[in-house]
Amino acid sequence: EMNGLDVLAAMQKEFPEMPVVVISGTGTLNDVIQTMKFGAWDYILKPIHDYSILELSVKRVLERKRLLEENKQYRQHLEKEVAIRTQDLNKSTLKFETLFNLAADAILIHDTQGNIIDINQKAIRYSGLEREQILKSTIFDLFTETEEDVLKKYMADLNNGKHILFESYMKSGDSAVIPVEVSASLITMDNSLQIMAVARDITERKKAEEERRELEKQIVAAQKMELLGLLASGVAHDFNNVLSALTGYTVLLRSKMKQ
């Protein structure tokens, strides 16, 4: 045999969101507490002399039900929006990481003190170090010691809001160095000021410039030789003219002496 509390418990188990108003003739405090624990939304004592009390209770319970339903729908809407935004964010993050790591140039992100925050795959290949090693380094550790003053000036100019473009030399393991052109800007990420430096390997450009300078030297040397040749030719011609005059005078003197 089921009593009122058993019926209430069974109803709440089967229909947990159904509003229930309990009307009982036993008005002990313990009964009220037990009824509310088992899921009753309101409790009214019998006999009911003023049915407006019942009407008010029903209205209050229905209003609570409406508010809970609205809150549930709003929560579901928020959860759906969060799921969509999270999915979009994950897609954007994946897209950024893909482009970041497929970039043809080395990209280094560091704070305003030079501590490395993130690097892409090209930067790892340039340095010849493990990613974990680089993330424990500073920007000064990745460039040659002779570039320290250049890097300090670059940091100072960036902190003043300038966009920087300069040439430098990155360490590349086994005492090798890579000439690079660095383009750097001040950015805001994770609510803090950071610096993004893009380093491009200019080894081939340096070789081409050296070859051009060598070719220019050869052209200048050839032009000098050509000028020397022209000068020598002119001197020889003038000397021949002098010799021709002397030879003519000699023949003339001999002729006169024979007479």
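Computed from a predicted model, the values in this text were never measured in an experiment.
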Would you say D111 and I195 make side-chain contact, with heavy atoms under 4.5 Å?
-> no
Look at the aromatic rings of Y154 and F166 and report parallel, tilted or perpendicular, splitting at 30° and 60°.
-> tilted
Side-chain heavy-atom pair V21, Y43 within 4.5 angstrom cut-off | no
D42 to R60 - nearest heavy-atom pair and separation = OD2-NH2, 2.7 Å
Closest heavy-atom pair and its distance - I107, A123 = O-CB, 3.9 Å
Rounded distance [0.5 Å steps], CZ in R200 versus NZ in K122 | 11.0 Å
What's the spacing between I134 CD1 and I117 CD1 if we round to 0.5 Å?
-> 14.5 Å
Is there a donor-acceptor contact under 3.5 Å linking the side chains of T146 and E148?
-> no
List the atom of D105, the atom of N120, and the distance in Å for their closest heavy-atom pair.
-> O-ND2, 3.0 Å
Between atom CD1 of I119 and atom NE2 of H110, what is the distance when rounded to the nearest 0.5 Å?
-> 12.5 Å
Determine whether the side chains of T138 and N115 contain a donor N or O and an acceptor N or O closer than 3.5 Å.
-> no
Please name the pair of heavy atoms, one in I44 and one in I53, separated by the smallest distance, quoted to 0.1 Å.
-> CD1-O, 4.4 Å
Going hydrophobic residue to hydrophobic residue with side-chain gaps under 4.5 angstrom, can you get from L56 over to V61?
-> no
When every non-hydrogen atom of H163 is compared with those of A184, the smallest separation belongs to ND1-O, 3.2 Å
Shared hydrophobic cluster for Y169 and I178 (ILVMFWY, side-chain gaps under 4.5 Å) | no
